[in-house]
Number of protein chains: 2
Amino acid sequence: MPPGDVESQALAVFAALTDPTRRALLDELARAGPATVTDLARRLPISRQAVAKHLGQLAEAGLISSAGPTGRRHPYRLEPAAIRTAQTWLARLAHRWDDRLAALEDALDATEDAPHATETNRGDTRP
Amino acid sequence: MPPGDVESQALAVFAALTDPTRRALLDELARAGPATVTDLARRLPISRQAVAKHLGQLAEAGLISSAGPTGRRHPYRLEPAAIRTAQTWLARLAHRWDDRLAALEDALDATEDAPHATETNRGDTRP
DNA sequence: CTCCTTTGCAACCTGTAGGTTGCCATCAAT
DNA sequence: ATTGATGGCAACCTACAGGTTGCAAAGGAG
């Protein structure tokens, strides 16, 4: 899987975790194990179709996976791998930030007697 | 800081990272170091107030911090600690999921000859 | 003092995310 | 063969996030 997909999956995971209803769905799957759409809709105070949409997004983010069409019931189960992906992406981001901050501090020390145009461009404003 | 705040900060970080404009702002801060609102607004194709709102959200999430009212200019700088918080929260979530999945699998083995009511409640639907 | 830049606040506009209702296809059970 | 649950699709409604414009206050530079 190319690194670009890692980023997009991490972002999808973040977007998925942002919504409280989706977090409730994940909590429910973690609490009582795999469940189907109507199953979850009965436990949450929202309609079945709303649950289906959210499960679709969660599946697209890789946080859950359909167990396959076993007869008529389509149970979904948690998929911890997606969280790990997002986690490592976050770790890389933090690392990058640390590096940049250190580099900028070094540059600030070096330019203390040579005030170059390191600052932001002070260009003209267009009316 | 109580653990409840950890969760809310992590969620705020996720919400902040979801928006592409906010990611662009963070990238710009990482690339060229601390910058003010108008500074960033000149580089991005959006208005100053939009930038201000986003910076407010980023600051609330703890991802950036105002360097303090130094005269008239209010530069913002990156704050890597918030990312670490979100990262550890994700790690805990993944850990919890793993534990639950293992426990559920064990319970599934134990109930193979004693089919209790471990399944989801098949209660009646109320009109 | 006067001018210019930076910043903050408030009202307003618009697309879309989250939710609903309604209808239809599919499979299991009696 | 009929009934009843389940799942999928589409149209529709509504609140809010992202963005804009406009204006007023607060330093700095001349």
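A note on names: the letters A, B, ... follow the listed sequences, proteins ahead of strands, and every chain is numbered from 1. These values consider heavy atoms only, across backbone and side chains, with no hydrogens, waters or symmetry-generated copies.
- Residues passing the ring-ring contact (aromatic ring centres under 6.0 Å, His included) test with B:Y76: none are found, sequence neighbours excluded.
- Looking only at distances, no side-chain donor or acceptor of A:R48 sits under 3.5 Å from a matching main-chain atom of A:A41.
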Full working for side chain to side chain contact (heavy atoms under 4.5 Å, CB included) between A:R96 and A:D99: CA-CA 5 Å; A:R96 222 178 308 159; A:D99 284 0; 5.8 Å; no
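- A:L58 places its CG atom 15 Å from the P atom of C:dA17, with the value rounded to the nearest Å.
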Might you list the N or O atoms of the protein lying below 3.5 Å from N or O atoms in nucleotides 21-23 of chain C, with each pair's distance?
from, atom 1, to, atom 2, distance (Å)
C:dG22, O6, A:Q49, NE2, 3.2

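- With distances taken from any side-chain atom of B:V37 to the nucleotides D:dT20, C:dG19, C:dG8, the minimum falls on C:dG8.
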Enumerate all atom pairs, one protein N or O and one N or O from nucleotides 15-18 of chain D, separated by less than 3.5 Å.
from, atom 1, to, atom 2, distance (Å)
D:dG18, OP1, B:D19, OD1, 3.4
D:dG18, OP1, B:R22, NH1, 3.4
D:dG18, OP1, B:R22, NH2, 3.1
D:dG18, OP2, B:R22, NH1, 3.2
D:dG18, OP2, B:Q57, NE2, 3.3

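- Remark: A:R22 pairs with A:A16, A:D19, A:H54, A:Q57, A:L58 by the side-chain contact (heavy atoms from CB on, under 4.5 Å) rule, at least two apart or across chains.
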Test log, rule side chain to side chain contact (heavy atoms under 4.5 Å, CB included), inputs A:T21 and A:V51: CA-CA 9 Å; A:T21 304; A:V51 172; over 6 Å; no
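- At D:dG7, one or more side-chain N or O atoms of A:T36 fall inside 4.0 Å of OP1 or OP2 (strictly under the cut-off).
- Within the structure, salt bridge (charged side-chain N to carboxylate O under 4.0 Å, His left out) contacts touching residues 75-91 of chain A (residues at least two apart or in different chains) are A:R84-B:D98.
- One can place CZ of A:R73 at 9 Å from C1' of D:dA5, the figure rounded to the nearest angstrom.
- Heavy atoms only, all atoms of each residue included: A:I83 and B:A94 are closest at CG2-CB, 3.7 Å.
- Rounded to whole Å, the distance from CZ on A:R23 to P on C:dA17 is 18 Å.
- B:T38 has no side-chain polar atom (N or O) that falls below the 4.0 Å cut-off from OP1 or OP2 of C:dT5.
- Computed from coordinates, the A:L40 CG to C:dG19 C1' distance equals 17 Å when rounded to whole Å.
- The CD1-P distance, from A:I46 to C:dA17, rounds to 17 Å in whole Å.
- Partners of A:W89 by ring-ring contact (aromatic ring centres under 6.0 Å, His included), not counting sequence neighbours, listed by chain and number: A:F14.
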Stepwise side chain to side chain contact (heavy atoms under 4.5 Å, CB included) check, B:L90 with A:L17: CA-CA 10 Å; B:L90 267 191; A:L17 288 177; 3.8 Å; yes
